[in-house]
Amino acid sequence: MENNTVNKSALLREIQICQFALIETQLYLDSHPCDQEALRYFTAHREHLKELTARWEKVCGKVRENGSELCWAWTDTPWPWQVEG
């Protein structure tokens, strides 16, 4: 039983690390939306998080998702100080 707890703990830690990496990469991509290497990194970690989440849910139940999507459409519109008015 203790081994199962250690595995759950290690898996949860890996999920947390992956979530942190995704959040930080999203923040970076907010200001560097054309950085293809960062975008590949983000995509790979998002897929890895899906795999980790599926493994967790198989053993422990539903994981709360942050609901974030890959979208930087706001960078295509003018900034407030660029709008004449």
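Note that the numbering runs from 1 along the sequence shown for the chain. Since the structure is predicted, the reported quantities are computational estimates derived from the model, not experimental observations.
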For the [atom1] atom of [X] and the [atom2] atom of [Y], what is their distance to the nearest 0.5 Å?
X: Ile23; Y: Phe42; atom1: CD1; atom2: CZ; answer: 10.0 Å
X: Thr53; Y: Lys58; atom1: OG1; atom2: NZ; answer: 13.0 Å
X: Cys18; Y: Lys50; atom1: SG; atom2: NZ; answer: 11.5 Å
X: Asn7; Y: Leu11; atom1: CG; atom2: CG; answer: 8.5 Å
X: Gln19; Y: Glu24; atom1: CD; atom2: CD; answer: 13.0 Å
X: Trp56; Y: Leu49; atom1: CH2; atom2: CG; answer: 13.0 Å

Self-check item: Minimum heavy-atom distance between Pro33 and Asp30, given as atom pair plus value
Solution: CD-O, 4.2 Å
Practice problem: For Thr25 and His45, run side-chain contact (heavy atoms from CB on, under 4.5 Å): C-alpha distance rounded to whole Å, both residues' side-chain angles, the deciding distance at 0.1 Å, then the answer. | Solution: CA-CA 10 Å; Thr25 306; His45 277 74; over 6 Å; no
Quiz item: Does Glu37 CD have over 12 foreign heavy atoms under 6.0 Å away?
Solution: no
Quiz item: Side chains of Arg13 and Ile17: does their closest heavy-atom pair fall under 4.5 Å?
Solution: yes
Quiz item: Under the 3.5 angstrom rule, does the side chain of His48 hit a backbone N or O of Ala44 as a donor-acceptor pair?
Solution: no
Quiz item: Between Lys8 and Leu12, does a side-chain contact (heavy atoms from CB on, under 4.5 Å) hold up when you go through it step by step?
Solution: CA-CA 6 Å; Lys8 285 181 186 178; Leu12 180 59; over 6 Å; no
